[in-house]
Chemist: 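Below is a structure I'd like to ask you about.
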Amino acid sequence: LTTESGIVCIDEIENGIHYSLFPKVLKTIIDTAEEFNCQLFITTHSNDVLKGLYFSSKQEPEINKSVSFYRIDRKNGEIKPKHYTSSMLFSAIDRAWEVR
């Protein structure tokens with residue numbers, strides 16, 4: 001709340017939160033970031049967090065407009081980021097593909 005028009009980084013958001021709360025927690029964080037004009041960077045290794053985001057987007061479709069997903073892969077010894085739109089991410093989750 002003190003970072004209006006700034007950047008907020010949350011590392012490993014899954015720590016200390018029960019998986020069943022992820023949809024509500026993520027929606028609250030996204031709504032608050034939009035209200036205070038903040039850009040969020042959230043890291044996770046948890047498929048449950050991604051599913052929580054997916055379920056939030058089903059309940060609140062406007063979330064789709066504000067989500068991008070980056071997966072970091074190592075290819076031929078180089079680290080390569082891969083960008084996914086929210087629709088690409090949510091389609092992959094809908095099909096139970098591994099995206100982490």
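From a predicted model like this one, the values you see are computed outputs, not experimental measurements.
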Chemist: Look up atom CD1 in Ile93 and atom CE in Met88, then write down how far apart they are to the nearest 0.5 Å.
Modeler: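 Answer rounded to 0.5 Å: 12.5 Å.
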Chemist: Carefully, step by step, assess Ile30 and Leu53 under the rule side-chain contact (heavy atoms from CB on, under 4.5 Å).
Modeler: CA-CA 10 Å; Ile30 291 169; Leu53 185 60; 3.7 Å; yes
Chemist: Counting only heavy atoms not in Phe36, do more than 12 sit closer than 6.0 Å to its CZ atom?
Modeler: yes
Chemist: So, for Pro23 and Phe55, which heavy atoms are closest and what is the spacing to 0.1 Å?
Modeler: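 Here Pro23 and Phe55 meet closest at CG-CB, 4.2 Å.
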Chemist: Taking all non-hydrogen atoms of both residues, which atom of Phe90 and which atom of Tyr54 are closest, and how far apart?
Modeler: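 Closest approach of Phe90 to Tyr54, heavy atoms only: O-CE1, 3.5 Å.
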Chemist: Could you go through the side-chain contact (heavy atoms from CB on, under 4.5 Å) check for Ile13 and Leu26 one step at a time?
Modeler: CA-CA 9 Å; Ile13 193 169; Leu26 291 166; 4.0 Å; yes
Chemist: Between atom CD of Gln39 and atom CD1 of Ile7, what is the distance when rounded to the nearest 0.5 Å?
Modeler: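 One gets 5.5 Å once the value is rounded to the nearest 0.5 Å.
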Chemist: Do side-chain atoms of Ser86 reach the backbone of Ser68 as a donor and acceptor pair under 3.5 angstrom?
Modeler: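 No, Ser86 side chain to Ser68 backbone: no donor-acceptor pair under 3.5 Å.
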Chemist: Roughly how far apart are Leu21 CG and Lys27 NZ, rounded to 0.5 Å?
Modeler: 15.0 Å
Chemist: For the backbone of Val49 and the side chain of Ser46, can you confirm whether one donor and one acceptor N or O come within less than 3.5 Å of each other?
Modeler: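 Judged by distance alone, yes, a pair lies under 3.5 Å.
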Chemist: Provide the closest heavy-atom pair for Leu40 versus Ile29 in the form atom of the first, atom of the second, distance.
Modeler: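 Scanning both residues, the minimum pair turns out to be CD1-CG2, 3.5 Å.
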Chemist: Which heavy atom in Cys38 sits nearest to a heavy atom in Ser5, and how many Å separate them?
Modeler: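 Of all heavy-atom pairs spanning Cys38 and Ser5, the closest is SG-N, 4.2 Å.
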Chemist: Cation-pi between Lys82 and Tyr84: NZ/CZ under 6.0 Å from ring centre and within 45° of the ring axis?
Modeler: yes
Chemist: Hey, could you give me the CD/CG distance between Glu14 and Asn47, rounded to the nearest 0.5 Å?
Modeler: 11.0 Å
Chemist: Rounded to the nearest 0.5 Å, what separates atom CD in Glu98 from atom CG in Leu50?
Modeler: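 Here the interatomic distance stands at 9.0 Å.
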Chemist: State, with a plain yes or no, whether a side-chain heavy atom of Arg71 is found less than 4.5 Å away from one of Pro81.
Modeler: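 No, every pair of side-chain atoms sits at 4.5 Å or beyond.
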Chemist: Give a yes or no on whether Val67 and Tyr70 share a hydrophobic cluster (residues Ile, Leu, Val, Met, Phe, Trp, Tyr; joining criterion: side-chain heavy atoms under 4.5 Å apart).
Modeler: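 No, Val67 does not connect to Tyr70 through the hydrophobic network.
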Chemist: Just how far is it from atom OG1 of Thr43 to atom NE2 of His45, taken to the nearest 0.5 Å?
Modeler: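 Thr43 atom OG1 to His45 atom NE2 measures 6.5 Å (nearest 0.5 Å).
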Chemist: Considering non-hydrogen atoms only, spot the tightest contact between Thr28 and Thr32 and give its length.
Modeler: O-OG1, 2.8 Å
